[in-house]
Colleague: 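Sharing a structure here in structure tokens format.
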Number of protein chains: 2
Amino acid sequence: MPDRVKRSSKQSASTGDARRDRWKQHRIARRAEFVEAALRALDKHGTEFGMDDVAAEAGVTKPVVYRHFTDKADLHLALGQHGTKILFNRLMPALNEELAPVPRIRSVIDAFFTTIDEYPNLYRLLVHPSHAGDRLPDADIVHEDKELIATSVTAVLGDYMRAFGLDSGAAEPWAHGVVGLVQSIGTWWLDKRSMGRDSIVEYTTEIIWAAIDGILRQRGITVEPNKPLEINKVVRMHDVWSEAERKATGEGA
Amino acid sequence: MPDRVKRSSKQSASTGDARRDRWKQHRIARRAEFVEAALRALDKHGTEFGMDDVAAEAGVTKPVVYRHFTDKADLHLALGQHGTKILFNRLMPALNEELAPVPRIRSVIDAFFTTIDEYPNLYRLLVHPSHAGDRLPDADIVHEDKELIATSVTAVLGDYMRAFGLDSGAAEPWAHGVVGLVQSIGTWWLDKRSMGRDSIVEYTTEIIWAAIDGILRQRGITVEPNKPLEINKVVRMHDVWSEAERKATGEGA
DNA sequence: GCGTAACCGTTACCATCGGTTACAGGTTGT
DNA sequence: ACAACCTGTAACCGATGGTAACGGTTACGC
């Protein structure tokens, strides 16, 4: 077992603060360990891995896992946050690049496909609201992650629409739509693998840009696909990004 | 229900043909009864109904259900076909109307939202690949229905693209994308209900048309959104429709 | 009418898996 | 020494998907 103690300083006198503090630290690390174990179980047994598998993968028995996760749903949630974090870490830089619209979309989409290509099982797990406890009323928590992404897109979309002076009422459904579109193409691609990554990235980019361009055009706005927008400098993802950070709290790299 | 008995010829000698034939007929009816029961169970207990619930709803005990369905997956599949059939029955007329592009899209989308509004639980069940037997390796069968729809869209899309002289390579991913888009907006709408049906239908239609229009425009083709296309008369859904019929074999209206 | 083949339906059971209980140590700071 | 926190295990519970074994009943063919 790794030492994981590390905490030199702290609270010399009085209370058992040092202890408490250290244990707290420790628990976080342990949780992360189990998330790793769950990922291995996921690769080994597919999306229907059992809690015993996770425990075994972590080299312990089930109750130990349950000391760190209240539920299977809780584990799924942790997995979800892990995945979301990975995804955001890749998507954000791409999204914030100062590129022209189309290259920027392509960059994000490429990051997306690269990521799901790398963690196909995790992706499948998250895309399914297959849900943890079948008997848990609490079922749709994992769903939150997709929701978070949709929310991000809503924010971006809404900001742009307002920047263009458009009614932003459609931002939310459109955001969910685009997320669904990308997700669906992603799932299909992972299952069929009938074309290379470059191709689906290209096709996906093309249809998304077509939608955006088409909508703007219907409102009499034309945008150069390959020339950077001024607005790019304004519309960013701060808030959403920090939201993601908040959610992923406590996970070490 | 369509008799589909067909067995004109017969094993003249030997065994009881009349018997076997009649029972066959009967089994089909019985299966349909259970599908109805399952739908009631679905409304009563949500998407996580158990086999006992279905049995109870049908007024019998579990083993009886298992005489007609091999699996829970099998039941789900039947439910899926039922749902697909309903959906197709509504979508096809809309799709085959001789309308201009945008009204036609709107008509299909409206049919879609009307249907899921009417059978929200069934829709949720099908959209989930949550699935039946957790331990069943056979898990993604229900998925087939979404696949069927995507295939239909692929066919339509591909036909149009070829009719316009475009490379149809992107038809399949785009079809999956559009299906995912609509499905995603549908799920979101059912969950949130933050706007009336007319509004999402309008928004959804708008983004789909924008995508199509944008893609065509990028290829130098412009289409009048509100004038019927000549091609409409050519591109239809025969094959796909009959495919759906084949799948739904044995289910009465 | 008798045999047969299909159905009807039940009670009682198994296996799996999520989740829990109860027990038995370790380590570490006061 | 002791308290407080961890470590871990084996054995168990309960819900649920799925089966076995049993005993009718219906309707046809001979």
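Note: hydrogens, waters and symmetry copies are ignored here, and every other heavy atom, side chains too, is used. A note on names: the letters A, B, ... follow the listed sequences, proteins ahead of strands, and every chain is numbered from 1.
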Colleague: Kindly write out the residues that satisfy salt bridge (charged side-chain N to carboxylate O under 4.0 Å, His left out) with B:Asp43, not counting sequence neighbours, or none if the list is empty.
Modeller: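 Here no residue qualifies.
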Colleague: Figure out the NE2/P separation between A:His68 and C:dG18, and round it to whole Å.
Modeller: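 In whole Å, C:dG18 P and A:His68 NE2 are 18 Å from each other.
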Colleague: Does A:Asp110 have any salt bridge (charged side-chain N to carboxylate O under 4.0 Å, His left out) partners at least two apart in sequence or in another chain, and if so, which?
Modeller: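 Result, salt bridge (charged side-chain N to carboxylate O under 4.0 Å, His left out) vs A:Asp110: A:Arg197.
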Colleague: Run the side-chain contact (heavy atoms from CB on, under 4.5 Å) test against A:Tyr66 and tell me which residues pass, sequence neighbours left out.
Modeller: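 Scan of A:Tyr66 (side-chain contact (heavy atoms from CB on, under 4.5 Å), adjacent residues dropped) gives A:Met51, A:Lys62.
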Colleague: Nearest-Å distance, CD1 (A:Ile28) to P (D:dC6)?
Modeller: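 Going from A:Ile28 (CD1) to D:dC6 (P), I get 12 Å.
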Colleague: Of the nucleotides D:dT7, C:dG18, D:dC6, which has the atom closest to the A:Met51 side chain?
Modeller: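 Per side-chain heavy atoms of A:Met51, the pick is C:dG18.
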Colleague: Could I get the full list of salt bridge (charged side-chain N to carboxylate O under 4.0 Å, His left out) partners for A:Asp117, not counting sequence neighbours?
Modeller: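 Checked A:Asp117 against salt bridge (charged side-chain N to carboxylate O under 4.0 Å, His left out); matches are A:Arg193.
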Colleague: From CZ of A:Arg30 over to C1' of D:dC5, roughly how many Å is that when rounded to an integer?
Modeller: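 After rounding, the reported distance stands at 14 Å.
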Colleague: Where do N or O atoms of nucleotides 9-12 of chain D meet protein N or O atoms at under 3.5 Å, pair by pair?
Modeller:
from  : atom 1 : to      : atom 2 : distance (Å)
D:dT9 : OP2    : A:Thr61 : N      : 2.8
D:dT9 : OP2    : A:Thr61 : OG1    : 2.4

Colleague: Under the side-chain hydrogen bond (donor to acceptor under 3.5 Å, both in side chains) test, which residues partner A:Thr204, sequence neighbours left out?
Modeller: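 Per chain and number, A:Thr204 pairs via side-chain hydrogen bond (donor to acceptor under 3.5 Å, both in side chains) with no residue.
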Colleague: Write down the distance between CG (A:Leu75) and C1' (C:dG19), rounded to a whole number of angstrom.
Modeller: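 Atom-to-atom, A:Leu75 to C:dG19, this comes out as 13 Å.
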Colleague: Check the distance between D:dT19's P and B:Asp52's CG and give it to me in whole angstrom.
Modeller: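 One finds 14 Å between P of D:dT19 and CG of B:Asp52, rounded.
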Colleague: Would a 4.5 Å heavy-atom cut-off, applied to side chains only, mark B:His76 and B:Lys72 as touching?
Modeller: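 Yes, their side chains come closer than 4.5 Å.
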Colleague: Taking only side-chain N and O atoms of B:His26, does any of them lie within less than 4.0 angstrom of OP1 or OP2 on C:dC8?
Modeller: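 B:His26 to C:dC8 OP1/OP2: side-chain N or O found under 4.0 Å.
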Colleague: Would you say D:dC6 has OP1 or OP2 under 4.0 Å from some side-chain N or O of A:Arg27?
Modeller: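 Answer yes for this pair, as a side-chain N or O of A:Arg27 is under 4.0 Å from OP1 or OP2.
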Colleague: Whole Å only: how far is the NZ atom of B:Lys72 from the C1' atom of D:dG17?
Modeller: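 Atom NZ in B:Lys72 sits about 8 Å away from atom C1' in D:dG17.
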Colleague: To the nearest angstrom, how far is A:Asp74 atom CG from C:dT20 atom P?
Modeller: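 In whole Å, C:dT20 P lies 12 Å from A:Asp74 CG.
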